[in-house]
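Within every chain, numbering begins at 1; the chains are lettered A, B, ... in the order of the sequence lines, protein sequences first and strands thereafter.
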2 protein chains.
Amino acid sequence: MDQPLPRDPIAEAQRNWQRRGWEQQAAPMAAVTAIMRTQQLLMLRIEGVLRPFALTFARYELLTLLAFTRRGELPMSRASSLLQVHPTSVTNAVDRLQAAGLVDRAPHPMDRRTTLVRLTPDGRDLARRATDALNRDVFSDTGFEADDVEHLIRILARFRQQAGDFAAE
Amino acid sequence: MDQPLPRDPIAEAQRNWQRRGWEQQAAPMAAVTAIMRTQQLLMLRIEGVLRPFALTFARYELLTLLAFTRRGELPMSRASSLLQVHPTSVTNAVDRLQAAGLVDRAPHPMDRRTTLVRLTPDGRDLARRATDALNRDVFSDTGFEADDVEHLIRILARFRQQAGDFAAE
DNA sequence: TCCACATGGTTGGATGTCCAAGTATAGTCC
DNA sequence: GGACTATACTTGGACATCCAACCATGTGGA
């Protein structure tokens with residue numbers, strides 16, 4: 001799984017698609033498959049950097065989201081919306097972060113249905129250190145050129161917006 | 001998890017990064033996060049289309065890979081390389097596809113370590129029908145403009161190549 | 001006031017992915 | 001030929017994600 005292949009398997013698939021007569025769909029199929037693979041490569045790199053902190057990317061994202069709020073706390077449901085993952089994924093992440101002493105749960109003062117996730121001092125500290133590591137070891141040199149980064153941001157924002165992720169400005 | 005947010009949470013994160021003084025890393029961070037999210041959105045769409053066929057994307061990919069080989073068969077390890085997933089993921093997928101009667105396992109005639117995965121007639125038929133559905137319901141209108149598709153293919157191919165996915169041509 | 005419906009969170013189940021470790025078979029080198 | 005190393009696959013374990021179902025709490029209308 002680690003040796004480079006002699007040729008790009010996605011380009012190969014694209015040619016196969018064309019040969020079968022799916023000319024219109026060949027390029028979009030290749031683009032979609034490339035996104036899948038790129039996500040996987042990036043995730044592996046990120047998780048590698050986070051491993052020394054005993055964090056996964058999912059838990060890191062939650063921790064960092066909390067660190068950017070005013071009071072270091074957020075309703076579970078709000079975290080779910082902002083991270084755009086299923087509520088059960090948040091429950092799962094919070095369970096583990098709480099077991100590690102990085103966050104705790106508190107009742108919402110107004111709405112008894114709601115649970116607040118709250119950063120602990122340890123959690124805040126770890127969020128900072130993990131972010132420093134990611135900035136240093138991943139985001140300072142992703143492997144994308146500067147122009148590519150701008151293109152990706154634009155193209156993918158348009159896609160996400162059109163897919164209903166967020167309202168048109 | 002389904003209501004659109006009022007603003008783009010990734011653009012928000014990018015601004016937060018800049019405000020904290022990580023100007024250099026802000027845009028790459030946003031690009032990486034956008035790839036993660038886009039992958040998730042695409043995956044949800046694809047799995048939605050495949051659900052009626054009782055296929056997941058992982059199993060679909062294996063089935064289709066086999067359908068594009070000359071004899072409809074491949075060593076497990078070769079499938080692992082071409083799909084660029086861990087060997088255990090292939091074992092897992094083959095177990096389930098085999099239980100569904102879509103593939104079977106056969107010993108390799110030369111190398112007794114090797115197991116061949118082989119498409120059954122049912123498997124070949126389902127691969128064809130699932131591909132038609134994906135071409136019709138996903139790849140004919142991904143939500144990317146034609147120019148974007150070309151950009152993505154180029155940018156992501158460069159990234160994957162540089163990450164060691166495949167050799168320089 | 002009371003019931004229907006919406007919202008917030010959790011539990012249980014299915015899947016997929018990776019890693020570590022173990023077994024079996026091949027290949028290499030002295 | 002025999003030992004060492006490499007390759008192929010599987011098993012067991014840790015995580016994450018989603019979905020379906022369930023319980024508790026809020027809200028709004030008759």
Side-chain angles (χ1 to χ4, degrees), chain A residues 1-3 36-37 39-48 50-51 53-63 73-100 103 105-117, chain B residues 1-3 36-37 39-51 53-63 74-100 103 105-117:
Chain A
M1 182 186 161
D2 296 75
Q3 332 288 327
M36 303 287 194
R37 176 58 181 161
Q39 185 271 346
Q40 186 187 21
L41 288 168
L42 288 169
M43 186 65 95
L44 286 173
R45 249 165 87 179
I46 289 174
E47 304 248 273
L50 293 178
R51 187 153 313 134
F53 302 98
L55 283 179
T56 61
F57 187 54
R59 288 179 239 167
Y60 166 77
E61 276 194 298
L62 179 50
L63 226 45
E73 67 184 28
L74 225 43
M76 306 274 288
S77 54
R78 183 103 183 99
S80 170
S81 302
L82 290 172
L83 296 175
Q84 302 179 287
V85 295
H86 204 275
T88 48
S89 297
V90 176
T91 295
N92 187 312
V94 170
D95 284 350
R96 296 173 198 280
L97 288 170
Q98 186 167 21
V103 303
R105 275 181 240 236
H108 189 291
M110 311 269 82
D111 186 337
R112 287 173 31 210
R113 292 172 304 179
T114 300
T115 301
L116 296 174
V117 201
Chain B
M1 185 189 156
D2 296 73
Q3 330 291 327
M36 303 288 193
R37 176 57 182 162
Q39 187 271 346
Q40 186 187 21
L41 288 168
L42 289 170
M43 186 64 96
L44 286 173
R45 249 165 88 179
I46 290 173
E47 304 248 274
V49 172
L50 292 178
R51 187 152 317 134
F53 301 99
L55 283 179
T56 61
F57 188 54
R59 288 180 238 167
Y60 166 77
E61 276 194 299
L62 178 51
L63 225 46
L74 226 43
M76 306 272 290
S77 53
R78 183 105 182 97
S80 170
S81 304
L82 290 172
L83 297 175
Q84 301 179 285
V85 295
H86 204 276
T88 47
S89 297
V90 176
T91 295
N92 186 314
V94 170
D95 284 350
R96 295 172 199 280
L97 288 170
Q98 187 167 21
V103 304
R105 276 180 237 239
H108 189 290
M110 311 270 81
D111 186 338
R112 286 175 31 209
R113 293 171 305 179
T114 299
T115 301
L116 296 173
V117 201

**Item:** Exam field: side chain E61(B) to backbone L83(B), donor-acceptor pair closer than 3.5 Å
**Value:** no
**Asked** Taking the side chain from R37(B) and the backbone from Q84(A), do they hold a donor-acceptor pair closer than 3.5 Å?
**Response** yes
Taking [atom1] from [X] and [atom2] from [N], how many angstroms apart are they, rounded to a whole number?
{"X": "L42(B)", "N": "dT17(D)", "atom1": "CG", "atom2": "C1'", "answer": "16 Å"}
{"X": "L62(A)", "N": "dC15(D)", "atom1": "CG", "atom2": "P", "answer": "16 Å"}
{"X": "H86(B)", "N": "dG13(D)", "atom1": "NE2", "atom2": "P", "answer": "17 Å"}
{"X": "I46(B)", "N": "dG16(C)", "atom1": "CD1", "atom2": "P", "answer": "14 Å"}
{"X": "L116(B)", "N": "dA8(D)", "atom1": "CG", "atom2": "C1'", "answer": "12 Å"}
{"X": "L83(A)", "N": "dG9(C)", "atom1": "CG", "atom2": "C1'", "answer": "16 Å"}
{"X": "E61(B)", "N": "dT15(C)", "atom1": "CD", "atom2": "C1'", "answer": "15 Å"}
{"X": "D95(A)", "N": "dC15(D)", "atom1": "CG", "atom2": "C1'", "answer": "13 Å"}

So, is [X] near the phosphate of [N], with a side-chain N or O under 4.0 Å from OP1 or OP2?
{"X": "S89(B)", "N": "dC18(C)", "answer": "yes"}
{"X": "Q40(A)", "N": "dG16(C)", "answer": "no"}
{"X": "S77(B)", "N": "dC9(D)", "answer": "yes"}
{"X": "R96(A)", "N": "dC15(D)", "answer": "yes"}
{"X": "H108(B)", "N": "dA8(D)", "answer": "no"}
{"X": "R113(A)", "N": "dC23(D)", "answer": "no"}
{"X": "T56(A)", "N": "dA16(D)", "answer": "yes"}

Base, sugar-phosphate, or nothing for [X], non-hydrogen atoms under 4.0 angstrom?
{"X": "T91(B)", "result": "base"}
{"X": "R105(A)", "result": "sugar-phosphate"}
{"X": "R59(A)", "result": "sugar-phosphate"}

What's the closest nucleotide to the side chain of [X] if the choices are [options]?
{"X": "T88(A)", "options": "dA16(D), dA26(C), dT10(C)", "value": "dT10(C)"}
{"X": "L44(B)", "options": "dA16(D), dT11(D), dC18(D)", "value": "dC18(D)"}
{"X": "V85(B)", "options": "dA8(D), dC18(D), dC18(C)", "value": "dC18(C)"}
{"X": "N92(B)", "options": "dT17(C), dT17(D), dT25(D)", "value": "dT17(C)"}

**Request:** Show your reasoning for whether side-chain contact (heavy atoms from CB on, under 4.5 Å) applies to T114(B) and R78(B).
**Result:** CA-CA 10 Å; T114(B) 299; R78(B) 183 105 182 97; over 6 Å; no
**Fill in**
Heavy-atom nearest nucleotide on DNA chain D taken for M110(A) and for M76(B); more 5' hit belongs to M76(B)
**Request:** Select from T115(B) and A58(A) the residue whose nearest nucleotide in DNA chain D is closer to the 5' end of that strand.
**Result:** T115(B)
**Request:** Would you sort out whether M36(A) and I46(B) count as a side-chain contact (heavy atoms from CB on, under 4.5 Å), showing the intermediate values?
**Result:** CA-CA 11 Å; M36(A) 303 287 194; I46(B) 290 173; 3.6 Å; yes
**Item:** T115(A) and S77(A), any side-chain heavy atoms less than 4.5 Å apart
**Value:** no
**Asked** Is L97(B) close to L55(B) at the side-chain level, that is, under 4.5 Å between some pair of heavy atoms?
**Response** yes
**Prompt:** Mapping E47(B) and D111(B) onto DNA chain C by nearest heavy atom, which one lands closer to the 5' end?
**Reply:** E47(B)
